[in-house]
Structure formats: structure tokens, C-alpha cells
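One structure below.
Predicted model, so just to flag it, every value in this text is computed and none were measured. Whatever order the structure lists ligands and atoms in, that order sets their numbers, starting from 1. Just the heavy atoms: all of them, side chains too, but no hydrogens, waters or symmetry mates, feed the values below.
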Amino acid sequence: MSSKFGILAKLGFLQDWISTLIAGVNPAVIHNLEKYHVLKKVHYLSAIENVEGDYLEFGVFTGSSFSHSIRCCQKMQKLNPKVLNTKFYGFDSFSGFGEISEEDVHPFYTDENFSTSLKAVEKRVSRAARNIQYQLVPGFFSDSLRGGPVSFGIQKARIIFIDSDTYSSANEALIFCSSIIQEGAFMILDDFYSYRGSSSRGVAKAFNEFIEKNKLQVRRVFTYGMGGAVFIISKS
Ligand SMILES: C[S@@+](CC[C@H](N)C(=O)[O-])C[C@H]1O[C@@H](n2cnc3c(N)ncnc32)[C@H](O)[C@@H]1O
């Protein structure tokens, strides 16, 4: 009796070959590729909706996603030349998490994984930036965000990317953003499903509190990589 799946059923070796290939890929590679992809989508959607304002990234590390975001923005100028007015702000200690509170303890979020050099990041970002204005702000959020958005001249955010992993850092970043969010702004939340999926820990906890405190309506637009999520502010 011939199989319903015809030739496909005879291609077990091909399925095994593809499975071996995918099983062998480093999860960080998959996560970063999907992160790049989602940043591109967000820059596109924000450009065609004509949402004005700045790009803020909390947790820059080596500057890979920050530089990628700048490139995505530059490519959107054909659709909407106004995107070139976006100023890019990147906040990071550039020396990891610092002291981690008990509530934020996680097996993967440790300073061994996230120490870098501001000078190297500056060099990398400046190569990508060309006609785009940007500012890298070193320091722990508890210090660097103290002056609020006004101290940087930020009036509105188009895109906010929270990639600092823990509740405390995401909470500090989100409090900083409270006065600059607007309808149509995108919020990219890496590690949204960390801490075993708990909604009362990590970035998810900070985001839920942020929505409630600011009485916002949000819609989830995408999920990506190893537990990232993207939301749009549908009513502010
Ligand atoms: C996952 S990495 C960021 C990756 C980056 N967005 C990328 O995709 O290329 C997390 C970063 O958050 C930073 N970070 C975590 N907590 C912080 C805090 N409280 N203040 C400043 N930076 C912090 C760390 O230094 C680290 O570089």
C-alpha cells in the first residue's frame, strides 16, 4: 500500500539530516537572528505608521542589536524620510549587572557573561551610524537614568528595547520611559518568558506593573527567539 505522504515518507534521511543540523545550532545564534528580524519588522511598522520620536535600548552589551537597529532605520528612509530624525540612545553599565538582588538571581544572568568595553562598542556603533545621531550612556541605570528623559532631551519614544534581563533593571528602565511613551510606540522585551515563565518575576513583572501604573492598553505583536516578545502601545 502506498503511503499518503508519497515521496516525503521515503526521505527520512533528509529529515534526519535537517534535524541534526538544527539541533546543532547554538541557541544564541537562533535568538540573535530572530532578534535582528523582529527589529527590522518594528522599524518598518513604525516608519509606515509615521510614529515620530527616539529609539531607546536598555542593555547594549557589545552594540550588536543597537548597530543593527540603526541600519534598519537607515534602510526605512525610502519609505519615510522622517525616520532619520530618530536619535538612538543606548544605556548600559558596560560592566554587567553589578549586584544582583535575591529576587533577580538567575543561573544565566551573571557578570561573567556580560562584561564589555565601551570604547569597542563606540567604534562599532560609529561605523554603522553615519547620518544617524546616537548617544551611548554608560553607568548602572540607578545612576544613569536618574535625571529622567528631559536630561537627555528625549520627548517621545518610537521604539523601546529592554534587554537588561532582570526585574530591577527593567523596572528602572520602564519608570524612566513612563513620560515618553505614546500610542503606536513599540516595546521589545527580551527575556519576557524567563524565570520559568513566571509573570511575577523578571521583565514580565516589570512590564505588567508598568502597564497597570500608566493605565496603558497594549497588544502583543510578535514573539521571537528564546523568549522575547514585542508589544505595541495601542492606547496611552
Ligand atoms: C543581554 S545583554 C544586551 C544585549 C544587546 N541588546 C544585544 O542584543 O546585542 C544585557 C546587558 O544589560 C546590561 N545591564 C544589566 N543590568 C543593568 C543595569 N542595572 N544597569 C546597566 N546595565 C545593565 C549588562 O551590562 C549587559 O550588557
Side-chain angles (χ1 to χ4, degrees), residues 26-43 55-73 88-129 134-148 152 159-177 186-195 201-207 210 222 224-230:
N26 184 326
V29 171
I30 295 180
H31 184 71
N32 286 331
L33 286 177
E34 292 188 18
K35 193 192 284 193
Y36 280 9
H37 205 170
V38 103
L39 281 165
K40 168 123 183 145
K41 289 183 188 181
V42 162
H43 276 282
Y55 172 94
L56 287 81
E57 184 167 316
F58 299 90
V60 174
F61 191 34
T62 58
S64 116
S65 52
F66 193 77
S67 306
H68 175 70
S69 239
I70 289 177
R71 287 188 198 100
C72 291
C73 181
F88 284 69
Y89 294 89
F91 302 90
D92 202 299
S93 66
F94 297 104
S95 59
F97 297 92
E99 212 173 297
I100 293 192
S101 70
E102 206 171 306
E103 139 171 74
D104 285 339
V105 169
H106 185 282
F108 192 74
Y109 306 150
T110 68
D111 282 347
E112 288 145 49
N113 292 323
F114 293 117
S115 193
T116 183
S117 132
L118 173 60
K119 209 168 153 204
V121 181
E122 275 285 359
K123 201 168 159 195
R124 182 177 195 174
V125 174
S126 68
R127 272 202 301 262
Y134 72 90
Q135 186 176 350
L136 292 173
V137 184
F140 286 106
F141 299 159
S142 48
D143 292 326
S144 62
L145 304 182
R146 205 175 278 159
F152 296 95
I159 300 170
I160 294 168
F161 182 16
I162 310 276
D163 195 4
S164 57
D165 307 343
T166 59
Y167 166 74
S168 319
S169 62
N171 187 42
E172 283 162 345
L174 288 168
I175 289 172
F176 178 85
C177 292
F186 281 94
M187 307 205 57
I188 307 165
L189 306 168
D190 219 80
D191 316 293
F192 189 70
Y193 297 100
S194 292
Y195 297 94
R201 291 191 75 189
V203 177
K205 176 183 178 187
F207 188 60
F210 169 74
F222 308 115
Y224 68 92
M226 303 296 165
V230 180

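In summary, the atoms of ligand 1 found under 4.0 Å from a heavy atom of Ser65, numbered by their order in the structure, are 5 (C), 6 (N), 7 (C), 8 (O), 9 (O). Atom numbering of ligand 1 starts at 1 in the shown order; those under 4.0 Å from a heavy atom of Lys35 are 7 (C), 8 (O). Under a 4.0 Å criterion applied to the non-hydrogen atoms of Phe97, ligand 1 contributes the atoms 15 (C), 16 (N). For ligand 1, the atoms closer than 4.0 angstrom to any heavy atom of Gly59 are 3 (C), 4 (C), 5 (C), 6 (N), 11 (C), 12 (O). Close approach of ligand 1 to Phe140 (heavy-atom distance below 4.0 Å) involves ligand atoms 18 (C), 20 (N), 21 (C). For ligand 1, the atoms closer than 4.0 angstrom to any heavy atom of Val60 are 5 (C), 9 (O). Near Ser93, meaning under 4.0 Å from any of its heavy atoms, are these atoms of ligand 1: 21 (C), 22 (N), 25 (O). Listed by number with element, the atoms of ligand 1 under 4.0 Å from a non-hydrogen atom of Ser164 are 12 (O), 15 (C), 16 (N).
Scanning the protein heavy atoms around atom 13 (C) of ligand 1, the nearest turns out to be Asp92 OD2, 3.4 Å. The nearest protein atom to atom 10 (C) of ligand 1, hydrogens excluded, is given as Asp163 O, 3.1 Å; this is a heavy-atom distance.
Residue Lys40 places its NZ atom among 12 or fewer non-hydrogen atoms of other residues, nucleotides or ligands, all under 6.0 Å distant.
Looking at Asn32 against ligand 1, nothing comes within 4.0 Å, counting heavy atoms.
Between Phe141 and Phe91, the angle of the ring planes goes over 60°, which puts this pair in the perpendicular group of the 30/60° scheme.
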